[in-house]
Number of protein chains: 2
Amino acid sequence: MNNSIPKINLQVNQNLYLKNPESSELGKKIITGSIDLIDEIGFDSFTFRKLGVQIQSPEASIYRYFESKQKLLLYLNSWYWNWMEYRLIFSLANIESPTKRLEKAILLLTEEISEDSDFSHINEVKLNRIVISESQKAYLTKDVDQENKIGAFSVQKQLVETISKIILEINPSYKYPHMLVSTIIEGAHLQRFFAEHLPKLTDVSDSCDAITDFYNELIFKAIK
Amino acid sequence: MNNSIPKINLQVNQNLYLKNPESSELGKKIITGSIDLIDEIGFDSFTFRKLGVQIQSPEASIYRYFESKQKLLLYLNSWYWNWMEYRLIFSLANIESPTKRLEKAILLLTEEISEDSDFSHINEVKLNRIVISESQKAYLTKDVDQENKIGAFSVQKQLVETISKIILEINPSYKYPHMLVSTIIEGAHLQRFFAEHLPKLTDVSDSCDAITDFYNELIFKAIK
DNA sequence: GCAAAAATGATAGTAATACTATTATTTTTG
DNA sequence: CAAAAATAATAGTATTACTATCATTTTTGC
């Protein structure tokens, strides 16, 4: 990811918004502002009223883009995984060996995101932090089946499928490729959260990236 | 777990309640009622007012036991992991072989809980469903460091430590025992959630228990 | 068996939240 | 440049997450 990449719009599932926030200045301000604000105060304290103050637009205008703050969170989550898949495709291009492909995928899913790619009006470092601490709230709801029906999680499912296929290339008889991949995807985020807030649940070492190393070992041993 | 077990009170961290709910009839009704209600409508829609209606006591009385619904969730979570540890100790008693001990621990952490043990006024089947879908909301908060400081997660930490030690008995040079155990603990619950709501993220098979099998294989290969 | 203390019930109230509605003003576009 | 679309400004509502007060019931220590 570097400056040579043209500004591409990642398409997010239309059911997650009332009006595409990419289609106007106000829409982009809503996205940029909500990422800033959620990162700062957390999703629980985040309200459209506070966002309105932050971006200097009335609360009612925000409701014309998003039905609710839940839907906005689903949008951000969806954008993030879309971005991940884009990065994955990019990073796997022209690599033949399935083992190398899997290694690259694991790195992408588990590494810390510490640089904003300037890819768009979206700050990926902040968004990554939000996905780590808040995205589970997007599906751990009584509405999950409804949300699933409208395609809110299709990007994650797609990503899990893509990486599962690489695993099956390496070992066609491995029984649990999807479980293994979804374990990494959610687990890696959780481990980052634990490393920061509940270190007794992890084995953090300042030196190298323990999380990437842990998952690399885990996965390659599992599918051998 | 069977009827021969005497009714024991599991002690929950005192910082999580204002008044011990085990100490009175109303307190127990609050716990039983909140488990029923959260299981039914979900934690997001759950309010102390609704709970008051359910147990026929005024909202204000509930606030004398719990400062907020967040604290109540922390209490339930803490009770659950306390119960798990109790079961673990029970299940490992008199077993020498660390491999067998680990196998038993994995089973306990990953199996489906489908029978209420009649161990107390708490319905463990419902509580297990609540912990699966809601417990992450107890720590994925801006308040997590504060909550951690008052000991809200000490039971989970204890459990992770106990099982990590078994792993180190089997392989003293394994680098990531805590990460491995916390990966199981949180991952197993998540996989159960996925199996029910987002099956494309798993490899469900009706026959045997895929989740237990998956983690068994994963862990023993990882530490070999 | 009874007074004091503690717990609970009944009721009310408040600031904030998660929206919806209406009308005025600005901006865009054919 | 008029019509349409988008946004701003303002107001309003039901619900939530509490806190406060006082009356009533239950528990307890003697």
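Not measured: the values here are computed from a predicted model. We name chains A, B, ... by the order of the sequence lines, and we start the count at 1 in each one.
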Distance check: side-chain N/O of B:S68 vs OP1/OP2 of D:dA17, anything under 4.0 Å? no

Between A:N123, A:V125, A:V131, which is the residue that forms a side chain to side chain contact (heavy atoms under 4.5 Å, CB included) with A:L127? A:V131

Any B:S57 side-chain N or O less than 4.0 Å from OP1/OP2 of C:dG9: yes

Rounding to an integer number of Å, can you tell me how far B:L51 CG sits from D:dT16 C1'? 14 Å

Would you mind checking if B:D44 and B:K137 are paired as a salt bridge, meaning a charged N to carboxylate O distance below 4.0 Å? yes

Show, in sequence, the C-alpha distance, side-chain angles and deciding distance for A:S24 and A:Y65, and conclude whether the side chain to side chain donor-acceptor pair (under 3.5 Å) test is met. CA-CA 10 Å; A:S24 74; A:Y65 285 83; 2.5 Å; yes

Within this structure, what is the OH-to-C1' distance between B:Y63 and D:dA17, rounded to whole angstrom? 4 Å

Does C:dA16 have OP1 or OP2 sitting under 4.0 Å from an N or O in the side chain of A:K50? no

A:K29 near the nucleic acid: base, sugar-phosphate alone, or nothing, with a heavy-atom cut-off under 4.0 Å? nothing

Should A:K19 be listed as having a side-chain N or O under 4.0 Å from OP1 or OP2 of D:dA5? no

Identify the residue among A:D213, A:D203, A:T202 that makes a side chain to side chain donor-acceptor pair (under 3.5 Å) with B:Y176. A:D213

Between D:dA9, C:dG13, C:dA18, spot the one nearest the side chain of A:A60, thanks. D:dA9

Quickly work out the A:F48 CZ to C:dA16 C1' distance and round it to whole Å. 16 Å

As a test of reading the structure: which of C:dA10, C:dA21, D:dA8 is closest to the side chain of B:P58, going by heavy atoms? C:dA10

Can you check the A:L26 CG to D:dA6 P distance for me, whole Å? 11 Å

B:F43 CZ - D:dT16 P separation (whole Å): 13 Å

Rounding to a whole Å, what distance do you find between A:Q56:CD and D:dT7:P? 16 Å

Listed nucleotide nearest any side-chain atom of B:Y65, set C:dT8, C:dA18, D:dC18: C:dT8

For B:K69 and C:dT17, what is the distance between atoms NZ and C1' respectively, to the nearest whole Å? 12 Å

For C:dT27, give its Watson-Crick or G-U wobble partner with both distances under 3.5 Å, or none. D:dA4

5'-most contact on DNA chain C (nearest-nucleotide basis), B:R64 vs A:S45, goes to B:R64

Are A:R192 and A:D209 close enough for a salt bridge, meaning some N to O gap below 4.0 Å? yes

Remember a base hit wins even if backbone is also touched, and classify B:E67 as base, sugar-phosphate or nothing at under 4.0 Å, heavy atoms. sugar-phosphate

Looking for any heavy atom pair under 4.0 Å, which part of the strands does B:E25 touch: base, sugar-phosphate only, or nothing? nothing

Which of parallel (below 30°), tilted (30 to 60°) and perpendicular (above 60°) describes A:Y80 and A:H189? tilted

Value in whole Å for how far the C1' atom of C:dG13 lies from CZ of B:R49: 11 Å

Touch class at under 4.0 angstrom, heavy-atom based, for A:F66 against every strand present: nothing

Need to verify one output field. Residue with the more 5' nearest nucleotide on DNA chain C, B:S24 or B:E59? B:S24

